[in-house]
Amino acid sequence: MSAADLTRTTAADLAHRLSTGEVSSVEVTQAHLDRIAAVDGDVHAFLHVSENALETARQVDADRAAGVALPELAGVPIAIKDVLCTIDMPSTSGSKILEGWIPPYDATVVARLRAARMVPLGKTNMDEFAMGSSTEHSAYGPTKNPWDLERIPGGSGGGSAAAVAAFEAPVALGSDTGGSIRQPGAVTGTVGVKPTYGGVSRYGAIALASSLDQVGPVSRTVLDAALVHDVIGGHDPRDATSIPDQWPSMAEAARRGLTGDVLKGIRVGVVKELEGEGFQSGVKQRYHETLDLLAAAGAEIVEVSCPHFEYAVAAYYLILPAEASSNLAKFDSVRFGMRANVTGTVEDVMAATREAGFGPEVKRRIILGTYALSAGYYDAYYGSAQKVRTLIQQDFDAAFEKADILVSPSAPTTAFKFGEKLEDPLAMYLNDVTTIPANLAGVPGMGLPMGLAPEDGLPTGLQLMAPARHDARLYEAGAAIEQLLEGNWGHSLWSQAPELGANGLATALGSNGGAR
Amino acid sequence: MSEITPERVAHLAMLARIALTDDEIEKLTGELGAIVDSVAKVQEVATPEVAATSHPIPLTGGMRPDVPGQTLTTEQALAGAPDHDGSRFRVTAILGEEQ
């Protein structure tokens, strides 16, 4: 098969072809490196492309030829969000303050990818320290949305989502603190999962807000996300918040969803508070069409009310800055990262370094968090936000009495244009109104493509949420819903992504602009 | 209205060890004022009888067995440092002259 075909298929299909010897990992890896070379000048999904990818692939091919038993995804390339520590590649978290920093260890999830013999392709762009919804806060310039290069790819994980949407990688890793996997998924027509808090190790993930951060998979199909989740998930003694439970196979759950009749009788809870004002008409239209399809497939659609979700964004923008201001204290110009070339005491050097090394959004949130935690304000702000967290958990508990999964749009709008919300932090924060509740409560959430909005031809996303520890339920239902939607469209959403030309212009494939 | 003043922002910046410029302080004062007014909404429902949640999934324990683990070597720990002498991080003076 041609090199282009190797980039336009799924990780599951590549794994199968690799296992039969139809293709080699070197061929698959080279095809993706060629694609990166061809389009990443325009997309800018990658901050660093690995020099070791082909050698890693060669070793997998050699072991396969020698008859070594290999894991399912052996030889399949993967992109890694720059928030994750990699011992052989710079890890900057999108910040100037970590420019060129090569960590002395791998994040646990990266170590697990390597143990699964996957091939790291490189590091993907992100908003600085994962603070943002557009990648416009990256110190290294924004990533472009492959569906329209003048629009944002979502954030903070816009690089991972764009890499997968632009066929530069079959799968990627992201991190999700308030929607940084699911919102980019929505606006780039890709799949992304935020696992149950504690389901995937945070060791070696450069911390933003430790009680909210989760690492998860980014892909073009639900099954591919499940395969990656199985590789990275499970208990890690190096993360004190890692859940010690045994987990079922997410890939098995996804395969059950693809082959079984799992939607019949499933109770789908429609969260009343996550639609309406602020939601784009085409997003609402695709959402209601999807609910109709689910009902026709035998699902029981029930309305649920989560009255405290309207306080979620406010609580989030207290808890996150508070935790971030503490986590980012480690950038002290002493142990790693940049040091400003000024004279004075160590504190003078530290303050000058942080002034020069942090971008405006990071400074904004550190100052806000310092305020929320300061004496005299702690109870009014941080303490109150933690109480809202309890109320949101109670909302989820009540909703899951009535429903097996909850649904909402993954993002209120399709991709917006660069600069549109950059000068209005509060407007930017509202991008995550649908995704933040799951982080506050610790429950798992999945975003998957829901069709193109009629008014602008851009992707919309459906979010599924399940009770904590029930990630497998998302994969089972998600795979079935993906199949239902693709059956209705007659194709996958990603097959309709525009071609990216050498001239840097995205041109639409086909005359109907994709899924309708 | 919030109590975010330029003086307060300057004080918070000192606490956070960020040498903000005067222009940044002025811009942040307006932005943070608007953000704080907005997030203060949490106080509407955070009544005394509601318990606070600090951690989404309650876990107990989390202690590992008390045996030596795999740790970084001195060389690895210093590898990313802006300045060091081979065994220690090197910094400028800890105390200013007036201290």
Side-chain angles (χ1 to χ4, degrees), chain A residues 101-105 196-198 211-212 237 240-241 243 308 311 314-315 317-318 325 329 332-339 343-352 354-355 358 360 363-364 366-368 370-371 374 380-381 383-391 393 425-426 440-442 468, chain B residues 3-4 8-9 11-21 24 27-28 31-32 34-36 38-48 50-57 59 61-65 69 72-73 75-83 89-97 99:
Chain A
W101 182 60
I102 297 187
Y105 62 97
T196 295
Y197 181 84
S211 77
L212 301 165
T241 60
I243 296 174
H308 299 98
Y311 299 92
Y317 279 100
L318 286 163
S325 69
D332 58 5
S333 76
V334 173
R335 292 164 295 163
F336 44 76
M338 109 182 216
R339 175 180 291 181
T343 54
T345 66
V346 66
E347 288 206 359
D348 295 333
V349 176
M350 193 184 301
R354 289 162 65 82
E355 162 64 16
F358 289 147
K363 291 175 187 170
R364 195 149 47 220
I366 289 176
I367 301 293
L368 177 60
T370 307
Y371 177 68
S374 52
Y381 293 116
S384 296
Q386 289 192 315
K387 290 184 173 189
V388 169
R389 212 165 171 170
T390 305
L391 296 169
Q393 285 195 332
L426 279 171
L440 289 173
Chain B
E3 302 163 41
I4 304 289
R8 186 177 295 282
V9 173
H11 179 68
L12 292 167
M14 185 278 291
L15 292 175
R17 304 293 188 273
I18 304 175
L20 293 180
T21 64
E24 284 178 312
K27 190 157 188 269
L28 274 172
E31 288 170 349
L32 290 178
I35 294 169
V36 168
S38 170
V39 298
K41 182 182 164 108
V42 293
Q43 294 161 8
E44 292 171 17
V45 288
T47 49
V50 181
T53 295
S54 61
H55 193 275
I57 310 286
L59 288 179
M63 304 286 277
R64 66 171 178 83
L72 297 180
T73 63
E75 193 180 33
Q76 286 173 319
L78 293 172
D83 196 8
F89 299 110
R90 183 186 277 129
V91 296
T92 58
I94 300 292
L95 299 176
E97 282 178 11
Q99 290 164 301

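Computed from a predicted structure; not experimentally measured. Excluded from the calculations below are hydrogen atoms, water molecules and symmetry mates; all remaining heavy atoms, backbone and side chain alike, are included.
A heavy-atom distance below 4.5 Å is not found between the side chains of A:Ser211 and B:Ser54. By the 4.5 Å heavy-atom criterion applied to side chains, A:Leu368 and B:Val36 are counted as neighbours. Between B:Arg8 and A:Tyr371, some side-chain heavy-atom pair lies under the 4.5 Å cut-off. The shortest distance between side-chain heavy atoms of A:Glu355 and B:Ile18 falls below 4.5 Å. Annotation: side chain of A:Asp348 is not in contact with side chain of B:Thr92 (no heavy-atom distance under 4.5 Å).
If you measure heavy-atom distances from A:Thr241 to chain B, the contacts under 4.5 Å come from both the backbone and the side chain. B:Glu31 touches chain A through its side chain: at least one heavy atom from C-beta onward sits under 4.5 Å away, while N, CA, C and O do not. Residue A:Ile102: no heavy atom, backbone or side chain, is found under 4.5 Å from chain B. Looking at A:Thr370, both its backbone and its side chain come within 4.5 Å of chain B, counting heavy atoms on both sides. With a 4.5 Å cut-off on non-hydrogen atoms, A:Ala441 touches chain B through its backbone but not through its side chain. Both the backbone and the side chain of B:Ala40 come within contact range of chain A, each with at least one heavy atom under 4.5 Å from a heavy atom of that chain. Using a 4.5 Å cut-off between heavy atoms, A:Ala352 touches chain B through its backbone atoms (N, CA, C, O) alone. Heavy atoms closer than 4.5 Å to chain B are found in the side chain of A:Val388, but not in its backbone.
Distance check: A:Arg339 CZ to B:Arg90 CZ gives 9.5 Å after rounding to the nearest 0.5 Å. Atom CG of B:Leu95 and atom OG1 of A:Thr345 lie 8.5 Å apart (nearest 0.5 Å). In this structure, CD1 in A:Ile367 is found 9.0 Å from CD in B:Glu24, a value given to the nearest 0.5 Å.
The environment of B:Glu44 atom CD is dense: over 12 non-hydrogen atoms of other residues, nucleotides or ligands sit within 6.0 angstrom.
Among A:Ser333, A:Ala351, A:Pro103, the residue making the largest number of heavy-atom pairs under 4.5 Å with chain B is A:Ala351. Heavy-atom pairs under 4.5 Å with chain B were tallied for A:Gly344, A:Pro104, A:Ala314; the largest tally goes to A:Ala314. The most heavy-atom pairs under 4.5 Å with chain A, out of B:Leu28, B:Leu72, B:Val45, B:Val9, come from B:Val45. Chosen from A:Ala385, A:Ala380, A:Pro425, the residue pairing most often with chain B at heavy-atom distances under 4.5 Å is A:Ala380. When the candidates A:Leu440, A:Leu318, A:Val349 are compared by the number of heavy-atom contacts under 4.5 Å with chain B, A:Leu318 comes out ahead. Here B:Leu20 is the residue among B:Thr73, B:Leu20, B:Thr21, B:Leu15 with the most heavy-atom pairs under 4.5 Å with chain A.
Judged purely by atom type and a 3.5 angstrom limit, A:Ser384 has no side-chain atom pairing as donor or acceptor with the backbone of B:Val42. No donor-acceptor pair closer than 3.5 Å links the side chain of A:Glu347 to the backbone N or O of B:Arg17. For A:Lys387 (side chain) and B:Thr47 (main-chain N/O), a donor-acceptor pair under 3.5 Å exists by modelled atom type.
Of all heavy-atom pairs between A:Ile366 and B:Ala16, the closest is CG2-CB, 3.6 Å. Across A:Tyr381 and B:Gln43, no two heavy atoms sit closer than the pair CE2-NE2, 3.5 Å. Summarising the geometry of B:Pro56 relative to A:Gln393, their closest heavy-atom pair is O-NE2, 3.1 Å, with the distance given to 0.1 Å. Pairing each heavy atom of B:Ile57 with each of A:Ala468, the nearest pair is CD1-CB, 3.7 Å. Among all heavy-atom pairs drawn from B:Leu32 and A:Arg364, the shortest one is CD2-O, 3.8 Å. The two residues B:Ala81 and A:Val334 make their nearest non-hydrogen contact at CB-O, 3.8 Å.
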